[in-house]
Number of protein chains: 2
Amino acid sequence: MNIENTQSQMRKGILEFCILSIIRRGEAYPSDIVDEMRGCNLQILEGTLYPLLTRLKNADMLTYRWVESNSGPPRKYFSLTPKGEEFYNELEATWNELANAVTRLTTKKESLVSTAGNVSFGPDSPNIPTNTSTTDKQE
Amino acid sequence: MNIENTQSQMRKGILEFCILSIIRRGEAYPSDIVDEMRGCNLQILEGTLYPLLTRLKNADMLTYRWVESNSGPPRKYFSLTPKGEEFYNELEATWNELANAVTRLTTKKESLVSTAGNVSFGPDSPNIPTNTSTTDKQE
DNA sequence: TTCAAGTACTATACAACACATAGTACCTAC
DNA sequence: GTAGGTACTATGTGTTGTATAGTACTTGAA
């Protein structure tokens with residue numbers, strides 16, 4: 001439970017969305033995409049991107065065409081299919097809902113919950129430990 | 001690659017953040033949290049929440065105290081530890097960065113990439129298929 | 001011509017996590 | 001004391017990002 005891991009989890013959820021967004025603006029091949037992402041402070045690795053593109057292609061969200069390069073092997077330039085466009089739109093809606101929900105949650109004031117203070121402890125509850133803040137591991 | 005799955009992936013990354021945010025406003029027990037999340041259109045299930053809380057507690061981000069209920073067994077009321085506060089602040093910063101990055105990506109205009117049109121096809125490239133839009137599965 | 005270096009893509013094993021599901025313990029009420 | 005509800009626990013599964021190694025093509029220099 002380190003911070004890097006959690007940050008990576010956050011990124012993870014929106015990777016597809018970001019990649020589709022980049023491709024949506026115009027054909028792109030993997031290195032383009034990596035550069036774009038990095039330019040927006042979004043880490044992504046080859047080992048992540050290639051499988052993801054393959055998955056999207058096999059789901060008929062993307063197509064590609066081979067384009068020769070003058071500095072190395074040919075490249076796969078990806079673009080969105082109609083189905084991919086539709087998918088992207090749904091993801092965009094989802095993202096907006098999510099961002100709204102987070103904003104609502106994090107900006108809400110306190111004292112909506114926390115009725116716990118009114119409930120009295122049970123002095124004779126059979127299995128309830130009496131210490132207020134427990135630190136015992138129980139796995 | 002259905003939309004529900006991807007939406008779930010998006011949620012996944014921010015679950016910890018949201019839960020910490022709720023607890024941060026005041027002590028809460030699991031059902032409180034589920035209700036709060038649902039109230040913000042954020043689906044979460046028991047089977048997800050309980051392991052997550054246990055993980056956070058074992059990482060010393062949360063503590064709990066037992067509080068008797070007058071309608072069932074006693075409840076674990078969770079609250080943030082200092083370490084948890086710190087963790088939350090880092091997550092908040094990460095979320096803001098991420099949200100910014102997505103905004104930048106999705107609102108960027110086209111025509112920054114897509115220089116692909118200028119590159120000519122190689123008619124004699126050995127292993128390059130000549131069809132423009134491929135649909136072959138290759139796994 | 002052949003060998004090295006760089007670029008582009010592929011394949012495989014691994015770890016983290018949400019989710020589904022079943023199970024246990026406690027409480028209240030009839 | 002037994003049934004039903006609430007709170008929490010335990011285990012297995014599928015998806016997916018990541019790490020790492022490997023293959024194929026191109027260019028350029030010895």
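Reminder, nothing fancy here: chain letters follow the sequence lines and each chain counts from 1.
Note on B/T48: a base of the nucleic acid sits closer than 4.0 angstrom, heavy atoms only. At the heavy-atom level, A/L52 lies under 4.0 Å from the strands shown only through sugar-phosphate atoms. Base engagement by B/E46 is indicated by at least one non-hydrogen atom pair under 4.0 Å involving a base atom. In this structure, B/P51 reaches neither bases nor backbone, as no heavy-atom distance under 4.0 Å exists between it and the strands shown.
Taking atom CD1 of residue B/I44 and atom C1' of nucleotide C/dC17, one finds them 12 Å apart after rounding to whole Å. As rounded to whole Å, 10 Å separates atom P of D/dC8 from atom OH of B/Y64.
Here the side chain of B/R11 is nearest to one of C/dA16, D/dT16, C/dC19, namely C/dC19. Considering only side-chain atoms of A/P73, the nucleotide from C/dG6, D/dT9, D/dG17 that sits closest is C/dG6. When distances run from any side-chain atom of A/K76 to the nucleotides C/dC9, C/dC17, D/dT6, the shortest one goes to C/dC9. Across C/dA25, D/dT9, C/dC17, the shortest atom-to-atom separation from the side chain of B/K12 is found for C/dC17.
Between A/Y29 and C/dA8 there is a side-chain N or O to OP1 or OP2 distance below 4.0 Å. Between A/N5 and C/dC17, a side-chain N or O to OP1/OP2 separation shorter than 4.0 Å is present. Not one side-chain nitrogen or oxygen of B/Y50 sits closer than 4.0 Å to the OP1 or OP2 atom of D/dT9. Using a 4.0 Å cut-off, some side-chain N or O of B/S8 falls inside it from OP1 or OP2 of C/dC19.
If you find the closest nucleotide of DNA chain D to A/L45 and to A/E16, the one lying nearer the 5' end belongs to A/E16.
In this pair, A/Y29 and A/Y77 present their aromatic rings tilted. The plane angle is within the 30 to 60° band.
Between A/E27 and A/R65 there is a salt bridge, with a side-chain nitrogen of the basic residue lying less than 4.0 Å from a carboxylate oxygen of the acidic one. Using a cut-off of 4.0 Å between Lys/Arg side-chain N and Asp/Glu carboxylate O, A/E36 and A/R25 are scored as salt-bridged.
To the nearest 0.5 Å, atoms CG (A/L80) and CD (A/E86) are separated by 11.5 Å.
Taking the ring axis of B/Y64 as reference, the NZ or CZ atom of B/K76 stays within 45° of it and closer than 6.0 Å to the ring centre.
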